[in-house]
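Here is the structure we will look at.
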Amino acid sequence: MYELFKNLGAWLVDGDQWAGPDGIGHRLAEHLQYSLLATLIAAVIALPLGLLIGHTGRGAFLAINLSSFGRALPTVGLVVLVFLASGLSMWPVYIALVALAVPSIVTNTYAGMSAVDPEVKDAARGQGMRGHQVLFQVELPLAMPLIMTGLRLALIQVVATATIAAYVSFGGLGRYVFDGLAQRDLVQVLGGAVLVAVVAVVLDLALSALQRALFRHRPAKSA
Amino acid sequence: MTIDWSWISEHTSDLTTLTLSHLQAALSAVVLGLVISLPLAVVAHRVKPLRGFLLGFSNVLFTIPSIAVFVLLLPVSGLTRTTTVIGLTIYTLVVLLRNTVEGLDSVPAKTKEAAKAMGTRPLRTLLTVELPLALPVIMAGVRIATVMAISLVSVATYIGDGGLGQLFTDGFQRNFPTPVIAGVVLTLLLALAADAVLVAVQYVLTPWTRRRRSA
């Protein structure tokens with residue numbers, strides 16, 4: 001056990017391991033590219049949807065069921081299925097990752113919007129605010145903490161799951177996990193797994209710092 | 001992409017075996033998660049200084065990717081069902097712990113005071129007053145944890161287990177979509193069925209919430 005962790009440490013700090021197209025530096029960049037792009041696409045789809053459902057109060061049933069459907073959907077199966085349907089392209093990875101991220105963002109955005117005090121919305125309308133003004137100047141700022149929670153949750157899930165890209169022959173940090181499993185090289189597998197976990201935690205901390213910097217004047221939780 | 005129905009009819013017994021194995025892994029994890037999280041939640045609820053630590057620690061566990069959890073467990077328990085169940089349990093803990101603590105928090109202070117005034121001892125209060133009243137929130141956690149565990153079992157296919165997840169590996173290696181589609185559909189159906197059973201269990205266990213609604 002001790003020997004294993006010593007080898008793992010040596011693997012992680014080895015300069016050769018970080019360089020070149022198979023190096024950690026390149027794999028890390030690939031992993032970040034998959035994760036950030038997928039989360040961004042998911043946010044572009046999910047944020048307007050969540051805001052619309054929250055603002056109009058219609059489709060709440062859809063939001064709730066979408067979240068449990070999303071939780072139940074096996075990502076590995078989805079990646080393989082899209083891979084078999086589309087052949088060798090980046091589609092399977094992005095479709096699966098976006099499908100994973102959308103429910104978390106929609107449901108948290110909706111939850112944040114529905115937690116906004118109705119009296120505050122009434123007051124805003126009473127002052128003569130239009131629908132879109134209420135949405136963007138009152139509801140959205142108040143719902144922001146929960147929306148950010150949804151984005152953070154989605155990003156963690158996506159970073160963790162982007163590992164699967166390597167299973168269908170793409171890059172990213174999952175390469176080490178799957179190559180290591182195939183070569184029975186436990187140090188490499190553990191190295192890949194540790195790196196993915198570190199990326200997930202660091203990105204989550206970064207988003208939480210960004211959230212604090214942007215919304216400092218507001219309480220941490222609106223709900 | 002077409003479904004080869006003859007493959008499905010030829011493999012019904014395999015599909016049944018895999019579905020049962022899948023369910024067994026997920027249920028073991030949820031039961032184990034409950035056994036661990038219940039006492040921890042009681043501690044987190046009663047000892048305020050430990051509360052932040054326990055909830056924070058379980059949140060950190062959640063950020064570790066599932067495939068990484070399984071792989072990190074390999075030196076401990078190897079390519080076995082035990083690894084699958086331990087890995088899944090770690091995931092259920094986050095949801096179960098948070099919901100159980102929230103459930104215990106939601107019990108009105110007056111109800112606890114009334115139990116105390118009637119001379120009920122703390123342990124008895126916990127078992128007969130607090131836990132039953134916290135049950136709706138705890139059950140909401142159990143439902144989320146169960147659906148999540150059922151979906152995650154297939155990740156364990158990379159360490160040679162994974163129940164229905166094995167169909168994904170099989171279909172991928174043979175470039176044959178039918179097992180993959182069957183695996184995805186069966187996983188979704190299993191999650192749906194388990195959730196429906198849990199709703200029924202909660203309905204039976206909490207008759208007072210029904211009476212309140214009908215009154």
Side-chain angles (χ1 to χ4, degrees), chain A residues 1 3-5 8 67-87 100 152-153 155-164 166-169 173-174 176-178 180-182 186 188-205, chain B residues 1 22 59-72 74-76 79 143-160 162-165 167-192 194-195:
Chain A
M1 196 73 179
E3 193 68 16
L4 184 69
F5 281 111
L8 179 63
S67 77
S68 56
F69 181 76
R71 259 197 294 274
L73 202 62
T75 317
V76 184
L78 194 59
V79 171
V80 171
L81 198 59
V82 183
F83 179 80
L84 292 182
S86 71
L100 181 76
R152 284 168 59 187
L153 190 66
L155 188 61
I156 289 180
Q157 287 174 311
V158 166
V159 167
T161 313
T163 315
I164 291 173
Y167 184 64
V168 287
S169 74
L173 293 169
Y176 300 117
V177 175
F178 290 105
L181 277 176
L186 197 58
Q188 195 183 341
V189 180
L190 289 177
V194 167
L195 286 171
V196 176
V198 169
V199 170
V201 173
V202 168
L203 282 179
D204 189 48
L205 288 176
Chain B
M1 188 155 46
H22 196 102
N59 270 333
V60 170
L61 283 182
F62 196 68
T63 61
I64 305 173
S66 50
I67 175 78
V69 169
F70 289 130
V71 169
L72 290 170
L74 284 183
V76 184
L79 294 166
R143 284 174 61 192
I144 296 176
T146 307
V147 171
M148 217 171 63
I150 288 176
S151 151
L152 275 176
V153 173
S154 47
V155 176
T157 183
Y158 301 129
I159 55 159
L164 291 165
L167 295 169
F168 305 150
T169 329
D170 180 43
F172 176 63
Q173 282 163 355
R174 295 194 289 142
N175 198 9
F176 180 40
T178 302
V180 186
I181 296 170
V184 171
V185 170
L186 284 173
T187 309
L188 287 176
L189 287 179
L190 200 57
L192 203 68
D195 199 47

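We name chains A, B, ... by the order of the sequence lines, and we start the count at 1 in each one.
Taking CG of B:Leu192 as the start and CZ of A:Phe69 as the end, the distance is 10.0 Å to the nearest 0.5 Å. Rounded to the nearest 0.5 Å, atoms CZ (A:Arg71) and CG (B:Leu152) are 11.5 Å apart.
A:Val76 touches chain B through backbone and side chain together, each having a heavy atom under 4.5 Å away. Proximity to chain B is limited to the side chain of A:Val194, based on heavy atoms less than 4.5 angstrom apart. Contacts between B:Ile150 and chain A at a heavy-atom distance below 4.5 Å are absent for every atom of the residue. For A:Leu186, the part lying near chain B is the side chain, with the backbone staying farther off; criterion is any non-hydrogen pair under 4.5 Å.
When all heavy atoms of A:Leu73 and B:Ser151 are compared, the pair lying nearest together is O-OG, 3.4 Å. Shortest non-hydrogen contact noted between B:Thr169 and A:Tyr167 is CG2-OH, 3.0 Å. The two residues A:Leu84 and B:Gly171 make their nearest non-hydrogen contact at CD1-O, 3.8 Å. In terms of heavy-atom proximity, A:Leu78 sits nearest to B:Val184 at N-CG2, 4.4 Å.
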Walk me through whether A:Leu181 and B:Leu79 qualify under side chain to side chain contact (heavy atoms under 4.5 Å, CB included). CA-CA 11 Å; A:Leu181 277 176; B:Leu79 294 166; 5.5 Å; no
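Top candidate by heavy-atom pairs under 4.5 Å with chain A, chosen from B:Thr146, B:Thr157, B:Ile144, is B:Ile144.
B:Tyr158 and A:Phe178 have perpendicular rings, their planes meeting at more than 60° on a 0 to 90° scale where under 30° would count as parallel.
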